[in-house]
Novice: 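Quick one: the structure is below, questions incoming.
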Amino acid sequence: NIEIFVSNYDGDSAIVEITWNHDDKATNYKIGCVSCNPNTEKFTSGDSVTLNNVTPFPNSSIAMLYVIAYDSENKIISAKQLIVNLN
């Protein structure tokens, strides 16, 4: 279960906080923004992350994010694509 909170959207970029349920099998997460220019990635072992300067696709307020969970052998155990309206 993933929750998204958007703040400080000024029409160009926003701050996006993403939280998810703890998964005992996951040891590391990669969180990224496909629509951001430049594309952004963060890594964490926690259950939340804040992305700054999240930008939407051109001429829209829609951003595309993703969360990928890895196990202790660095194999993907879950991948989620997130479509977020920054408004």
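As the structure is a computational prediction, the values presented were derived from the model and not from experiment.
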Novice: Between K30 and V67 (side chain of the first, backbone of the second, donor and acceptor by atom type, cut-off under 3.5 Å), is there such a pair?
Specialist: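 Side chain of K30 to backbone of V67, a donor-acceptor pair under 3.5 Å: no, none is there.
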Novice: Determine whether L51 and I18 make a side-chain contact, defined as any pair of heavy atoms from C-beta on separated by less than 4.5 Å.
Specialist: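 Yes, close enough: below the 4.5 Å cut-off.
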Novice: Using side chain to side chain contact (heavy atoms under 4.5 Å, CB included), reason through I77 and D23 one step at a time and then give a plain yes or no.
Specialist: CA-CA 10 Å; I77 57 173; D23 183 346; 4.0 Å; yes
Novice: Are any of the side-chain heavy atoms of I62 and V84 separated by less than 4.5 Å?
Specialist: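 With C-beta onward as the side chain, the pair stays apart.
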Novice: Please step through side chain to side chain contact (heavy atoms under 4.5 Å, CB included) for the pair I31 and L65, ending with a clear verdict.
Specialist: CA-CA 7 Å; I31 301 89; L65 311 174; 5.8 Å; no
Novice: Y9: which residues meet the ring pair (Phe, Tyr, Trp, His ring centres under 6.0 Å) condition with it, sequence neighbours left out?
Specialist: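 Not a single residue meets the ring pair (Phe, Tyr, Trp, His ring centres under 6.0 Å) criterion with Y9.
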Novice: Please report the C-alpha distance between T19 and D47 in whole Å, then the side-chain angles of each, then the deciding distance to 0.1 Å, and finally whether the side chain to side chain contact (heavy atoms under 4.5 Å, CB included) criterion is met.
Specialist: CA-CA 6 Å; T19 59; D47 297 333; over 6 Å; no
Novice: Applying the ring-ring contact (aromatic ring centres under 6.0 Å, His included) test to Y29, which of W20, Y70, F43 qualifies?
Specialist: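 Option passing the ring-ring contact (aromatic ring centres under 6.0 Å, His included) with Y29: W20.
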Novice: Check for me, please, whether I68 and V49 land in the same ILVMFWY cluster - side-chain distances under 4.5 Å, paths through other members count.
Specialist: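 No; V49 is not reachable from I68 via cluster members.
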Novice: To the nearest 0.5 Å, what is the distance between CG on N8 and CD1 on I15?
Specialist: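 Here the interatomic distance stands at 4.5 Å.
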Novice: On a heavy-atom basis, which atom in Y66 and which in T40 lie closest, and how many Å separate them?
Specialist: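 Nearest heavy atoms, Y66 then T40: OH-O, 4.4 Å.
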Novice: Once rounded to the nearest 0.5 Å, what's the spacing between atom OG of S60 and atom CG of L86?
Specialist: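 CG of L86 is found 8.0 Å from OG of S60.
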Novice: So, taking the atom named OG in S72 and the one named NZ in K25, what distance separates them when rounded to the nearest 0.5 Å?
Specialist: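 If we round to the nearest 0.5 Å, S72:OG and K25:NZ are 12.0 Å apart.
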Novice: Sorted by first residue and then second, give each disulfide (SG to SG under 2.5 Å) pair with at least one member in residues 29-87; sequence neighbours left out.
Specialist: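 Applying disulfide (SG to SG under 2.5 Å) to every pair that reaches into residues 29-87, excluding sequence neighbours, yields C33-C36.
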Novice: When you compare the side chain of L82 with that of I2, does any pair of heavy atoms fall below 4.5 Å?
Specialist: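 A side-chain contact exists here, since the closest heavy-atom pair is under 4.5 Å.
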Novice: Using modelled atom types only, decide if a donor and an acceptor are shared between the side chain of T55 and the backbone of N37 within a distance under 3.5 Å.
Specialist: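 The answer is yes, because a donor-acceptor pair under 3.5 Å joins these two groups.
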Novice: Membership question, hydrophobic clusters at under 4.5 Å side-chain separation (ILVMFWY): are I83 and I4 in the same one?
Specialist: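 No, separate clusters.
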Novice: Does the side chain of N87 pick up a donor-acceptor pair with the side chain of S61 at under 3.5 Å?
Specialist: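 Note: N87 and S61 side chains meet the donor-acceptor criterion.
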Novice: Closest heavy-atom contact between D71 and E73?
Specialist: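 Closest heavy-atom pair between D71 and E73: OD1-N, 2.9 Å.
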Novice: Does K42, at its NZ atom, have more than 12 non-hydrogen atoms belonging to other residues, nucleotides or ligands within less than 6.0 Å?
Specialist: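 More than 12 within 6.0 Å, yes.
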Novice: Is there a donor-acceptor pair closer than 3.5 Å between any side-chain N or O of S35 and the backbone N or O of M64?
Specialist: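 Here the side-chain-to-backbone pair exists.
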Novice: Could you grab the distance from atom NZ of K75 to atom OG1 of T27, nearest 0.5 Å is fine?
Specialist: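 Separation between the atoms: 12.5 Å.
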